[in-house]
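Only one structure is covered here, and it is reproduced in the block below.
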Amino acid sequence: MKEDERLFRLIKEAGSRYRHPVISARFEKFKDFKVTWNRTGKERSYKVSDYMSDSPDAALYEFLDTLISRNSGNKKGYGPEYLDWVSSDGFVLSKRPVYLERSRNITMSTTGTRRDIGESLDRLLGSGLLVDTDIDNSFFTWTAMPGFTKVGSCNAMFRVVTVSSSLDSDDVPERVLDFVTYHESLHLRRGYRPGRRAHDLAFRESERAFPGWEECEKYLLKMRREQREKMKRRGQSPVPAGV
Ligand SMILES: [Zn+2]
């Protein structure tokens, strides 16, 4: 394919800068934005996420240059052409539907059976904890399956927030849902930051602006613990925790 030829040409060029021989490269329909490679002796074959297949040469080259540099033991950061391209509204708007289509375990809706993520966002905006620009060009959805260990996640590249349907219940305080929605929205506020820590000190400070955050965290920990015990009793192995 033409796109694969362009990819191979650019990655070979980046590879030659770092004496890093690349023998083949092609775009792959990964769900997540990622790159994989195989090594044969000193030579490598790359598979690059097809979300980059129609990117401008400069953005693609910068991305590949950082990739190869890192694979050669350097610590090169991501360049502005690449970051501007993947952070542009156009990129998000054209690639997000593909990402959502490839995602399983989402309902594609903010309306749950008992709770509404949209109402949660309204409360957060109304109280001033969030502002409109935080959630600009974003997509919120419930998970289809009620995960208990991971109650929320944010894909900052495609600006997609997923909230576990375990929180779509009258038993869970509305405040806890708001806290999880707030936490994930803070990732949207910060945007796509590849190679940088998500939950750094500045993030934790913003998170603590939420009134009653401690009680909410305690509630979520208790929920996970109870679920772990329930699964143990049923003989299932627990899933690693995380927000
Ligand atoms: Zn987080």
Side-chain angles (χ1 to χ4, degrees), residues 1-108 136-141 143-144 150 153-162 184 187-188 190-198 242:
M1 272 199 312
K2 230 176 142 192
E3 297 95 56
D4 288 342
E5 281 166 22
R6 180 175 79 110
L7 173 67
F8 187 44
R9 176 170 54 82
L10 293 175
I11 202 167
K12 255 199 321 199
E13 199 178 316
S16 67
R17 276 191 63 189
Y18 299 94
R19 297 171 194 275
H20 183 102
V22 180
I23 49 165
S24 76
R26 64 179 163 92
F27 286 113
E28 187 74 27
K29 292 178 176 179
F30 295 126
K31 180 200 114 184
D32 290 306
F33 184 93
K34 67 173 183 181
V35 177
T36 64
W37 57 87
N38 287 312
R39 197 201 289 253
T40 326
K42 280 196 80 179
E43 295 168 330
R44 296 201 196 199
S45 309
Y46 279 85
K47 284 182 196 168
V48 176
S49 168
D50 68 343
Y51 296 116
M52 285 300 281
S53 64
D54 60 352
S55 57
D57 279 359
L60 181 59
Y61 183 77
E62 246 184 36
F63 172 71
L64 297 170
D65 187 58
T66 301
L67 173 77
I68 301 288
S69 140
R70 289 182 165 221
N71 277 355
S72 313
N74 302 298
K75 268 199 164 173
K76 196 181 166 110
Y78 290 91
E81 296 278 349
Y82 163 69
L83 287 175
D84 284 354
W85 166 252
V86 295
S87 306
S88 66
D89 280 349
F91 176 85
V92 177
L93 284 170
S94 68
K95 309 298 173 189
R96 183 167 53 213
V98 182
Y99 172 76
L100 291 172
E101 206 185 293
R102 291 175 185 174
S103 298
R104 285 160 209 274
N105 195 26
I106 54 172
T107 65
M108 296 285 286
D136 221 22
N137 191 10
S138 60
F139 188 94
F140 286 74
T141 173
T143 63
K150 198 175 169 113
S153 69
C154 177
N155 183 311
M157 175 179 257
F158 301 117
R159 298 186 65 75
V160 173
V161 167
T162 309
E184 303 309 338
H187 288 306
L188 292 178
R190 301 182 112 196
Y192 176 61
R193 318 159 76 236
R196 293 165 72 186
R197 262 183 69 197

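Just so we're clear, the structure is a prediction, and the values are computed from it rather than from any experiment.
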Could you tell me whether a side-chain N or O of T66 sits under 3.5 Å from a main-chain N or O of G77, the two making a donor and an acceptor?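 Looks like yes, one N/O pair under 3.5 Å.
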So, does R70 use its side chain to make a donor-acceptor pair with the main chain of K76 at under 3.5 Å?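 The answer is yes, because a donor-acceptor pair under 3.5 Å joins these two groups.
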Verdict with reasoning, D57 to R9, per side-chain contact (heavy atoms from CB on, under 4.5 Å): CA-CA 10 Å; D57 279 359; R9 176 170 54 82; 4.1 Å; yes
Taking only residues at least two apart or on different chains, which pairs with a member in residues 78-105 satisfy salt bridge (charged side-chain N to carboxylate O under 4.0 Å, His left out)?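 Every salt bridge (charged side-chain N to carboxylate O under 4.0 Å, His left out) pair that includes a residue of residues 78-105, provided the two are not neighbours, is D50-R102, D54-K95.
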Quick one: list whatever passes side chain to side chain donor-acceptor pair (under 3.5 Å) with S94, sequence neighbours left out.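 So S94 forms no side chain to side chain donor-acceptor pair (under 3.5 Å) with any residue.
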What I'd like to find out is whether the side chain of V22 reaches to under 4.5 Å of the side chain of I68, using heavy atoms alone.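 Yes, side chains in contact.
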Do S153 and H187 come within less than 4.5 Å of each other through their side chains, counting heavy atoms only?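 Of all side-chain heavy-atom pairs linking H187 with S153, none is under 4.5 Å.
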Under the rule for ring pair (Phe, Tyr, Trp, His ring centres under 6.0 Å), what residues qualify as partners of F27, not counting sequence neighbours?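 Ring pair (Phe, Tyr, Trp, His ring centres under 6.0 Å) list for F27, sorted by chain: empty.
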Evaluate the criterion side-chain contact (heavy atoms from CB on, under 4.5 Å) for residue pair V92 and Y192; output intermediate values, then yes/no. CA-CA 11 Å; V92 177; Y192 176 61; over 6 Å; no
Minimum heavy-atom separation for [X] and [Y], please, with both atom names.
| X | Y | value |
| --- | --- | --- |
| R193 | R197 | NH1-O, 2.7 Å |
| L93 | N137 | CD2-OD1, 3.5 Å |
| T107 | T143 | CG2-O, 3.6 Å |
| M108 | L100 | SD-CB, 4.0 Å |
| M52 | S55 | O-OG, 2.7 Å |

With rounding to the nearest 0.5 angstrom, report the [atom1] to [atom2] distance, [X] to [Y].
| X | Y | atom1 | atom2 | answer |
| --- | --- | --- | --- | --- |
| R159 | S87 | CZ | OG | 9.0 Å |
| L10 | D65 | CG | CG | 10.5 Å |
| S72 | L67 | OG | CG | 9.0 Å |
| F8 | E13 | CZ | CD | 12.5 Å |
| N71 | L64 | CG | CG | 11.0 Å |

Mind checking what makes side-chain contact (heavy atoms from CB on, under 4.5 Å) contact with E5, not counting sequence neighbours?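 Once residues adjacent in sequence are excluded, E5 has no partner under the side-chain contact (heavy atoms from CB on, under 4.5 Å) criterion.
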Check the pair Y51 / F30 against side-chain contact (heavy atoms from CB on, under 4.5 Å), numbers first and verdict last. CA-CA 9 Å; Y51 296 116; F30 295 126; 5.7 Å; no
Residue pairs involving residues 29-45 (criterion side-chain hydrogen bond (donor to acceptor under 3.5 Å, both in side chains); sequence neighbours excluded):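 Checked against side-chain hydrogen bond (donor to acceptor under 3.5 Å, both in side chains) - neighbours excluded - the pairs reaching residues 29-45 are S24-S45.
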C154 and L188: side-chain contact (heavy atoms from CB on, under 4.5 Å), yes or no, with the steps? CA-CA 7 Å; C154 177; L188 292 178; 3.7 Å; yes
Determine which pairs satisfy ring pair (Phe, Tyr, Trp, His ring centres under 6.0 Å) with at least one residue from residues 58-78, sequence neighbours left out, and list them in order.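 Listed once each, the pairs are F33-F63, F63-Y82, Y78-Y82.
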